[in-house]
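Worksheet for the structure shown next.
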Amino acid sequence: MINNKTLFKTFIKNDKRFNLKHTLFSGQSFRWTQLEPFKEYYSHIFDNSILLLRDSTGNCIEVLSDTEKINGLSISDYLYRYFTVDIDEKTVFSSKFKTDFPEVWRLVEPYQSVRIMRQDPFEIMVTFMCAQGIGMQLIRRQVSMITERYGQRCVINTEKGEMVFYGFPSPSALATAKVDELALCTNNNRIRAANITAMARSFESGKLALACVASGDCPLETIRETLCAHSGIGLKIADCIALFGLGRFDAFPIDTHVKQYLWEWFGIEAARKSLTEKNYRFLQKEARRILGNEYAGYAGHMLFHCWRKEVKKMTTF
DNA sequence: CTCCAGGCAATTG
DNA sequence: CAATTGCATGGA
């Protein structure tokens with residue numbers, strides 16, 4: 001047990017029965033970590049507040065926090081929104097899908113316990129800009145190095161010693177970062193580092209027009225255009241930002257894994273060809289035809305995680 | 001040494 | 001326009 005008077009303890013009712021570990025390590029966030037030496041806890045920092053979570057008995061999530069509010073909301077309200085408890089996962093796949101693809105459905109059904117999270121837009125922008133042409137291990141390493149160098153350092157004391165956490169850097173911290181220095185955190189990739197600082201400056205100056213972009217009724221295509229105007233952000237990354245950072249569950253990012261299952265599971269011929277912009281858009285149309293539009297991305301992520309684990313037998317998150 | 005890892009941008013035809 | 005090629009880096 002973590003023994004620290006500064007940590008408040010609350011419970012979030014988990015009547016949706018989602019699997020915390022699957023959700024946190026399904027690859028949509030590169031920042032959640034399993035806590036050492038308290039391995040059953042998962043840690044993350046929100047708005048410079050430390051949260052430790054673990055699955056508890058009675059369909060509850062146990063939350064230890066060093067604050068009572070996050071971004072002005074109570075912990076419960078914040079996590080309710082963060083874990084999209086308002087979304088009924090049972091409706092993500094249509095009954096038509098289940099009858100049309102019984103084999104796939106049999107594999108995917110357990111992955112309904114994976115929830116898409118509503119994460120911080122800036123954090124998602126940076127972390128997914130780190131995620132091109134590179135393995136999951138290296139992505140996580142980049143992200144942790146960025147937080148360690150540019151983020152707020154937070155410490156709590158436990159009976160097993162001091163534990164150190166780092167918050168995600170503010171836009172201004174990365175906007176003013178020196179490219180050569182930031183590149184040390186991005187596998188020495190200076191182009192990527194420069195793209196990140198440029199995007200952070202744009203974000204800070206309001207050019208990203210996040211108020212508009214984040215609003216639910218903004219057309220997805222407008223969001224993509226706004227994001228893709230930045231060097232280093234293409235259609236795939238833009239769709240990831242929309243899905244994971246802007247709560248746009250209709251956004252359907254296509255990467256190498258999605259491309260693979262579109263062919264293997266759904267027999268879409270075009271998925272064997274390279275992902276040019278035209279083909280990317282075509283494949284999205286095909287995916288929406290099968291998955292519907294409203295929750296195409298939500299469903300896609302369940303399929304993504306299922307594909308990686310059940311078919312590719314991947315063990316890296 | 002080769003090939004792959006959750007793509008993107010510049011350059012051709 | 002649309003398709004192809006270059007790129008940039010670390011790890012298996």
Side-chain angles (χ1 to χ4, degrees), chain A residues 22-32 111 114 116-117 119 123-146 179-199 202 224-245 248 251-265 269-285 287 296-317:
Chain A
H22 274 197
T23 297
L24 301 181
F25 299 102
S26 63
Q28 53 178 311
S29 165
F30 305 109
R31 289 195 60 222
W32 281 93
Y111 285 81
V114 173
I116 300 277
M117 302 183 282
Q119 300 175 73
E123 177 181 322
I124 289 294
M125 286 183 201
V126 175
T127 56
F128 276 88
M129 286 176 81
C130 291
Q132 55 185 101
I134 195 172
M136 199 70 95
Q137 301 284 7
L138 280 178
I139 297 169
R140 292 184 78 92
R141 193 178 81 181
Q142 289 179 83
V143 171
S144 58
M145 284 180 78
I146 288 173
V179 171
D180 288 321
E181 198 179 293
L182 183 58
L184 297 174
C185 308
T186 56
N187 292 321
N188 300 312
N189 189 327
R190 298 186 76 262
I191 294 174
R192 176 170 297 166
N195 285 342
I196 290 172
T197 58
M199 187 282 290
S202 175
R224 296 161 122 189
E225 280 172 22
T226 307
L227 293 169
C228 288
H230 301 75
S231 180
I233 300 179
L235 276 181
K236 190 269 175 181
I237 305 287
D239 285 336
C240 283
I241 295 169
L243 177 60
F244 302 122
R248 290 300 297 252
F252 187 85
I254 302 176
D255 57 40
T256 55
H257 300 288
V258 175
K259 181 172 176 291
Q260 287 169 37
Y261 76 60
L262 286 179
W263 161 240
E264 297 280 345
W265 278 346
E269 283 285 340
R272 287 199 286 184
K273 297 193 296 182
S274 67
L275 278 177
T276 62
E277 179 174 341
K278 188 183 177 187
N279 199 26
Y280 185 97
R281 290 179 183 277
F282 175 77
L283 289 175
Q284 281 191 324
K285 267 197 300 185
Y298 212 114
H301 187 69
M302 290 173 177
L303 291 165
F304 165 88
H305 192 45
C306 178
W307 173 262
R308 284 173 56 98
K309 290 196 69 164
E310 301 299 327
V311 181
K312 306 301 283 185
K313 307 292 183 191
M314 297 179 79
T315 53
T316 54
F317 295 112

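Each chain gets a letter, A, B and so on, in the order its sequence line appears, and its residues count up from 1.
- Between W307(A) and W265(A), the angle of the ring planes goes over 60°, which puts this pair in the perpendicular group of the 30/60° scheme.
- For dG11(C) and dC8(B), the P atoms lie 23 Å apart once the distance is rounded to whole Å.
- By the 30° and 60° cut-offs, the orientation of the rings of Y111(A) relative to H22(A) is parallel.
- Residue L275(A) is classed as having no contact, given no heavy-atom separation below 4.0 Å to the nucleic acid.
- Here G234(A) lies in heavy-atom contact (under 4.0 Å) with sugar-phosphate atoms only.
- Within the 4.0 angstrom heavy-atom criterion, only backbone atoms of the sugar-phosphate kind lie near I191(A); the bases stay farther away.
- OP1 or OP2 of dG11(C) sits under 4.0 Å from a side-chain N or O of R141(A).
- Contacts of I254(A) with the nucleic acid, taken as non-hydrogen atoms under 4.0 Å apart, are absent.
- No engagement by T186(A) is indicated, since no non-hydrogen atom pair under 4.0 Å with the nucleic acid exists.
- H301(A) comes within contact range of no nucleotide atom at all, as no heavy-atom separation falls under 4.0 Å.
- Comparing the P positions of dT12(B) and dA8(C) gives a spacing of 16 Å, expressed to the nearest Å.
- One N or O on the side chain of Q284(A) and one on the backbone of F252(A) form a donor-acceptor pair closer than 3.5 Å.
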